[in-house]
Asks: 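Before anything else, here's the structure in question.
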Amino acid sequence: MNLFSKVSGAMLVLGLLFSVASAQEKKITRKQLPPAVERTVAKESEGATVKGFATEVEKGQRLYEAALIVNGHHRDISMNRRGVIVEVEEEVSMDSLPATVQDGLKKAAGSGTIEMVESLTKSGKLVAYEGHVKRGLKRSEIQVGPQGEKLKRPE
């Protein structure tokens, strides 16, 4: 292997690592939230326990996430810089879901164990249910549509 190939390969690996690292969430403090995001958080967290905050760039847009505990279950709210809620992930119990959704999640999980289910709402509309699945030592996420159908693409 010549020097050019080695350098090119190393640059490709570094580029991939950088792109993955830049897409990851970064924990931040409440003081680091933009004023509009802080106002939305104050309103949405009334009566809730605030677990923390994070920020990330998704599809070129900076988002801010507030992790909350509401009535004993998880609720994560993602907002843009203007404090507009873009996405809400809210823990739901499996037995509260329609049979078609339960069946869809179980089918998607296969032999794995569904440990938690969240509803996924974007722009005020339920778009999917997400299951957190454990298979042996591995953990993954699965999604089905609002009626339990297989999604064309992940939400």
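Sequential numbering from 1 along the given sequence is applied to the chain's residues. FYI, side chains are in, hydrogens and waters are out, and symmetry mates aren't considered; it's all heavy atoms of this structure.
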Asks: Hydrophobic clustering (ILVMFWY, side-chain heavy atoms < 4.5 Å, transitive) - are V50 and V37 grouped together?
Replies: yes
Asks: V92 and L97: which non-hydrogen atoms are nearest, and at how many Å?
Replies: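 Scanning both residues completely, I find the closest heavy atoms to be CG2-CD2, 3.9 Å.
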Asks: Check step by step if side-chain hydrogen bond (donor to acceptor under 3.5 Å, both in side chains) holds for S111 and R135.
Replies: CA-CA 7 Å; S111 63; R135 290 182 185 93; 4.7 Å; no
Asks: Which distance, rounded to the nearest 0.5 Å, do you find between the CD of E25 and the CD of E65?
Replies: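 So the gap between those two atoms works out to 4.5 Å.
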Asks: Could you give the distance from CD (Q102) to CG (D95), rounded to the nearest 0.5 Å?
Replies: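 If we round to the nearest 0.5 Å, Q102:CD and D95:CG are 7.0 Å apart.
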Asks: For a quick test of reading the model, state the closest non-hydrogen atom pair linking L126 to P146 and the distance between them.
Replies: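 In this case the closest contact between L126 and P146 is O-CG, 3.5 Å.
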Asks: So if you build clusters from Ile, Leu, Val, Met, Phe, Trp, Tyr with side-chain heavy-atom gaps below 4.5 Å, do V117 and I77 land together?
Replies: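 Per the 4.5 Å side-chain linkage, V117 and I77 are not co-clustered.
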Asks: Nearest heavy-atom pair of V144 and A108: which atoms, and what distance?
Replies: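 Where V144 meets A108 most closely, the heavy atoms are CG1-CB, 4.5 Å.
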Asks: According to a 4.5 Å side-chain heavy-atom criterion applied to Ile, Leu, Val, Met, Phe, Trp and Tyr, with indirect links allowed, do Y64 and I85 form part of one hydrophobic cluster?
Replies: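 Yes, because Y64 and I85 connect within a single hydrophobic cluster, where side-chain heavy atoms sit under 4.5 Å apart.
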Asks: In terms of heavy-atom contacts, does NZ of K107 have more than 12 from other residues, nucleotides or ligands at under 6.0 Å?
Replies: no
Asks: Can M116 be reached from V70 by stepping across I, L, V, M, F, W or Y side chains whose heavy atoms are under 4.5 Å apart?
Replies: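 Cluster IDs for V70 and M116 differ.
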Asks: Just how far is it from atom NZ of K26 to atom OG1 of T55, taken to the nearest 0.5 Å?
Replies: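 So the gap between those two atoms works out to 8.0 Å.
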Asks: Nearest heavy-atom pair of K134 and G136: which atoms, and what distance?
Replies: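 Smallest interatomic distance, heavy atoms only, reads CE-O, 3.0 Å.
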Asks: Assess the residue pair E58 and V86 against the criterion (side-chain contact (heavy atoms from CB on, under 4.5 Å)); give the C-alpha distance rounded to whole Å, side-chain angles, the decisive distance to 0.1 Å, and a yes or no.
Replies: CA-CA 11 Å; E58 191 173 295; V86 177; over 6 Å; no
Asks: Quick check on the hydrophobic clustering: are L68 and I28 connected, directly or via other members, by side-chain heavy-atom contacts under 4.5 Å?
Replies: yes
Asks: Between atom CD of E130 and atom CD of E91, what is the distance when rounded to the nearest 0.5 Å?
Replies: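 One finds 12.0 Å between CD of E130 and CD of E91.
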Asks: For the atom pair CD (E44) and CZ (R39), what is the distance rounded to the nearest 0.5 Å?
Replies: 14.0 Å
Asks: Under the 3.5 angstrom rule, does the side chain of S119 hit a backbone N or O of Y129 as a donor-acceptor pair?
Replies: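 No, because the side chain of S119 does not come within donor-acceptor range (under 3.5 Å) of the backbone of Y129.
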Asks: How far apart are the closest heavy atoms of V101 and Q147, and which atoms are they?
Replies: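 Looks like CG2-C, 3.8 Å.
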Asks: Quick check for you: to the nearest 0.5 Å, what is the distance between S78 atom OG and E56 atom CD?
Replies: 7.0 Å
Asks: So if I apply the side chain to side chain donor-acceptor pair (under 3.5 Å) rule between E118 and each of H74, H132, R75, which one comes out positive?
Replies: H132
Asks: Could you go through M94 and K106, starting from their C-alpha distance and side-chain angles, then the distance that decides it, and tell me whether this counts as side-chain contact (heavy atoms from CB on, under 4.5 Å)?
Replies: CA-CA 10 Å; M94 181 72 125; K106 289 174 186 174; 4.2 Å; yes
Asks: Counting distance only, does the side-chain N/O of Q143 pair as donor-acceptor with the main-chain N or O of E155 below 3.5 Å?
Replies: yes
Asks: Is there a donor-acceptor contact under 3.5 Å from the side chain of R81 to the main chain of Q61?
Replies: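 No; judged by distance alone, with no hydrogens or angles, the pair does not exist.
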Asks: Quick one: closest heavy-atom pair of I142 and L105, and the distance?
Replies: CD1-O, 3.3 Å
Asks: A side-chain contact here means heavy atoms from C-beta on lying under 4.5 Å apart; do R30 and S45 qualify?
Replies: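 Result yes, sub-4.5 Å side-chain heavy-atom pair found.
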Asks: Taking it one step at a time, do V41 and M79 satisfy side-chain contact (heavy atoms from CB on, under 4.5 Å)?
Replies: CA-CA 9 Å; V41 167; M79 298 148 279; 3.8 Å; yes
